S.K.: 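Before we start, here is the structure in question, set down as structure tokens.
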Amino acid sequence: MSKPRFYVTTAIAYPNGRPHMGHAYEAIATDVIARFKRLDGFDVRFLTGTDEHGLKIDQAARAAGKPPKAYVDEMVAPFQSLHESLGISFDRFIRTTDDDHKALVQALWQRMAANGDLYLGRYEGWYSVRDEAYYDEGELVTGEDGGKLSPNGAPVEWTLEESWFFKLSAYQDKLLALYESHPEYIQPTSRFNEMRAFVAGGLSDLSISRTSFTWGIPVPGDERHVMYVWLDALANYLTGAVATGRGSLDGEWWPADLHVVGKDVVRFHAVYWPAFLMSAGIALPKTVFGHGFLLNRGEKMSKSLGNVVDPAAMVDRFGVDRLRWFLCREVAFGEDGSYSDEAIVERTNADLANGIGNLAQRSLSMVAKNLGGVMPVRGEAGETELRLKEAFLSGSEAYFTAMNALALHKALDALMAMVAAANGYFAENAPWALAKTDVARMAEVLAATLDATRRIVILAQPFMPGSTAQLLDQLGVAADARDFNGFNMPVNAGTQLPAPAGVFPRITLEG
Ligand code: MSP
């Protein structure tokens with residue numbers, strides 16, 4: 001039987017600066033979901049990349065004194081190497097300057113035009129280059145100096161130019177009907193409510209081309225215009241749905257199951273994107289999940305505050321799996337969250353060194369020392385084993401429910417409850433004391449502890465791919481028994497285990 005498919009994407013980042021922790025966070029969370037789905041038996045396609053056209057990139061290239069293409073070619077490198085150091089298991093890193101993408105966006109435009117949804121007019125209104133977004137007067141806020149700012153606090157400028165428009169206003173009812181029939185389309189619920197209220201408030205037609213600069217995809221049939229960067233950018237998900245060959249509007253992976261994006265760009269994905277697709281007669285993605293913002297010690301990361309942290313340096317300092325664990329465990333997925341060196345040290349020492357690492361290390365080293373490293377036979381389940389089993393049944397069920405609901409932090413709560421139950425079982429049965437009094441019972445306790453550890457490590461894989469692979473090696477788990485099908489397949493008694501080595505040493509703030 002063929003596997004069910006799952007197509008997941010991140011937002012594509014603007015390469016007008018170096019990647020920051022917000023980019024790392026989004027890539028990690030999406031990677032966790034992709035890995036979870038693979039272990040759960042899905043055939044997964046995972047798309048990520050960079051958003052390289054538009055005025056913001058054009059201006060950044062000018063400031064750097066480079067032609068825009070040369071500029072983005074240079075700027076994309078740290079994004080690609082960050083993905084590597086974060087262990088992001090993407091299938092394609094798309095760049096919107098890729099040829100197949102340009103061809104696809106032009107085909108998309110033509111389909112929207114053929115449907116009668118595009119017309120030529122004049123745009124007169126506010127535009128924010130930083131947000132790459134048009135705003136109505138009523139949406140603007142007043143800055144500290146009395147100037148007008150976008151709702152994201154970005155400067156806006158009055159813009160007046162000839163433009164192609166998309167009849168977004170004609171899609172208000174269709175969008176409201178979509179939200180009504182598919183409330184799962186926008187998650188979490190707080191963002192759903194926000195978007196529904198926004199659309200219910202009325203939609204103006206959308207300017208989708210510009211003539212005052214040239215760094216973009218030309219409008220087919222009217223090459224004085226380049227396309228609005230968000231039309232170009234959103235279409236990356238369609239381009240990426242084609243696994244081989246040139247961009248086709250009927251990519252075999254479409255529709256996407258999940259677009260993971262930050263809360264500041266939910267509007268584009270929840271309003272503009274489905275409207276463009278409806279216009280072109282293309283199926284809609286199933287879910288847009290808007291995650292929260294990552295804050296540095298509770299403060300917004302910004303160049304002016306000087307608190308923009310290089311995620312690659314964090315990987316060097318803490319190790320990739322500690323960083324991945326921390327971000328998914330500490331930040332409620334969907335809400336804003338904060339990081340600091342202290343919190344990372346404290347959290348990972350508690351969960352990984354004292355929790356999972358300790359459990360594995362203590363049981364594995366006792367097996368090595370007392371049983372020649374041979375996996376012992378499990379005994380008849382007594383009262384403590386039954387309690388452990390209960391805790392694991394409810395813990396694993398909570399884990400799967402949370403993962404399927406994209407509540408990554410809740411899945412880790414459930415996993416840590418399993419760790420506590422396993423450590424409790426170990427302490428209660430005190431196998432180190434049994435070593436002197438009842439070696440057969442000690443072996444049973446170690447067998448049960450190792451099996452509990454194996455289950456925990458299997459479920460931890462999406463979060464910490466590297467260290468869990470090492471632990472599964474030490475636990476003697478065969479390569480083909482590591483997915484969720486293998487969850488109920490204990491390691492055979494008699495299996496010779498390799499010499500154990502600590503995987504999660506304690507760390508200190510001093511490094
Ligand atoms: N290029 C657009 C997205 C186009 S998607 C078709 C963009 N780029 S971005 O580089 O500004 O942001 C990329 C992603 O990172 C977005 O989902 C954004 O919300 C997210 N984040 C940017 N700063 C963030 C934090 N501080 N915390 C968490 N995510 C943040 O928007």
Side-chain angles (χ1 to χ4, degrees), residues 8-30 47-58 60 72 75-76 78-79 82-83 86 88 93-97 101 104-105 108 128-133 150-154 191 216-217 227-241 256 258-274 276-277 285 288-303 305 307-311 314 327-328 330-339 408:
V8 61
T9 68
T10 64
I12 49 172
Y14 293 123
N16 66 324
R18 292 185 60 83
H20 55 63
M21 285 291 283
H23 296 122
Y25 175 59
E26 183 172 297
I28 288 170
T30 313
L47 181 75
T48 187
T50 39
D51 184 357
E52 303 189 351
H53 291 126
L55 196 47
K56 176 170 162 137
I57 298 290
D58 194 47
V72 290
M75 297 298 284
V76 75
F79 284 87
L82 177 66
H83 279 65
L86 293 174
I88 306 303
F93 188 102
I94 191 171
R95 301 180 54 189
T96 53
T97 48
H101 176 68
L104 176 127
V105 179
L108 179 66
S128 159
V129 178
R130 205 170 86 193
D131 298 348
E132 293 281 27
S150 83
N152 292 327
R191 317 244 183 265
I217 299 180
M227 287 184 215
Y228 174 37
V229 64
W230 269 102
L231 172 57
D232 166 348
L234 288 161
N236 92 86
Y237 305 129
L238 273 181
T239 309
L258 177 63
H259 293 317
V260 177
V261 304
K263 63 180 184 180
D264 58 328
V265 298
V266 169
R267 181 197 292 197
F268 302 93
H269 290 80
V271 182
Y272 300 169
W273 184 221
F276 295 157
L277 290 168
V288 173
F289 187 95
H291 62 74
F293 261 45
L294 196 59
L295 308 167
N296 183 345
R297 293 178 190 280
E299 295 206 45
K300 201 172 161 191
M301 298 180 270
S302 82
K303 282 188 194 144
L305 287 175
N307 65 352
V308 184
V309 170
D310 175 2
M314 298 291 269
L327 291 173
C328 297
E330 193 90 354
V331 182
F333 197 49
E335 287 166 38
D336 291 352
S338 204
Y339 68 93
L408 308 184

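Because the structure is a prediction, the values reported are computed rather than measured. When a ligand or atom number is given, it counts from 1 through the structure's own listing order.
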S.K.: With no hydrogens and no angle check, is any side-chain donor or acceptor of N16 less than 3.5 Å from a backbone partner on I57?
M.R.: no
S.K.: Measure the shortest side-chain to side-chain distance between Y25 and Y339 over non-hydrogen atoms and say whether it is less than 4.5 angstrom.
M.R.: no
S.K.: So which protein heavy atom does atom 2 (C) of ligand 1 come closest to, and at what separation?
M.R.: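 Nearest neighbour among protein heavy atoms for atom 2 (C) of ligand 1, to 0.1 Å: I12 O, 3.4 Å.
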S.K.: Would you say the side-chain atoms of H23 pair up with the backbone N or O of Y14, donor to acceptor, closer than 3.5 Å?
M.R.: no
S.K.: Which protein non-hydrogen atom lies closest to atom 23 (N) of ligand 1, naming both residue and atom, and how far is it?
M.R.: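 The protein heavy atom lying closest is H20 CE1, 3.3 Å.
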S.K.: Nearest protein heavy atom to atom 6 (C) of ligand 1, by residue and atom, and its distance?
M.R.: Y237 OH, 3.5 Å
S.K.: Check for me whether H291 has a heavy atom closer than 4.0 Å to any atom of ligand 1.
M.R.: yes
S.K.: For atom 14 (C) of ligand 1, what is the closest protein heavy atom, and at what distance to 0.1 Å?
M.R.: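 Sorting protein heavy atoms by distance from atom 14 (C) of ligand 1 puts E26 OE1, 3.4 Å first.
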S.K.: For ligand 1 and V261, I'd like to know whether there is a polar contact (N/O to N/O, distance under 3.5 Å).
M.R.: no
S.K.: Considering only the protein, which heavy-atom contact is closest to atom 12 (O) of ligand 1, and what is its distance?
M.R.: H23 NE2, 3.9 Å
S.K.: Report the nearest protein non-hydrogen atom to atom 9 (S) of ligand 1: residue, atom name, distance rounded to 0.1 Å.
M.R.: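 Its nearest protein heavy-atom neighbour is Y14 CD1, 3.7 Å.
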S.K.: Report the nearest protein non-hydrogen atom to atom 31 (O) of ligand 1: residue, atom name, distance rounded to 0.1 Å.
M.R.: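 Ranking protein heavy atoms by distance from atom 31 (O) of ligand 1, first comes V265 CG1, 3.5 Å.
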S.K.: Suppose we measure from atom 19 (O) of ligand 1 to each protein heavy atom; which comes out shortest, and what is that distance?
M.R.: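 In this structure, atom 19 (O) of ligand 1 has D264 OD1, 2.5 Å as its nearest protein heavy atom.
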S.K.: Treating E132 as the side-chain partner and K56 as the backbone partner, does any N or O pair qualify as donor plus acceptor under 3.5 Å?
M.R.: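 At least one qualifying donor-acceptor pair exists.
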S.K.: Any nitrogen or oxygen of L294 lying under 3.5 Å from a nitrogen or oxygen in ligand 1? Just yes or no.
M.R.: yes
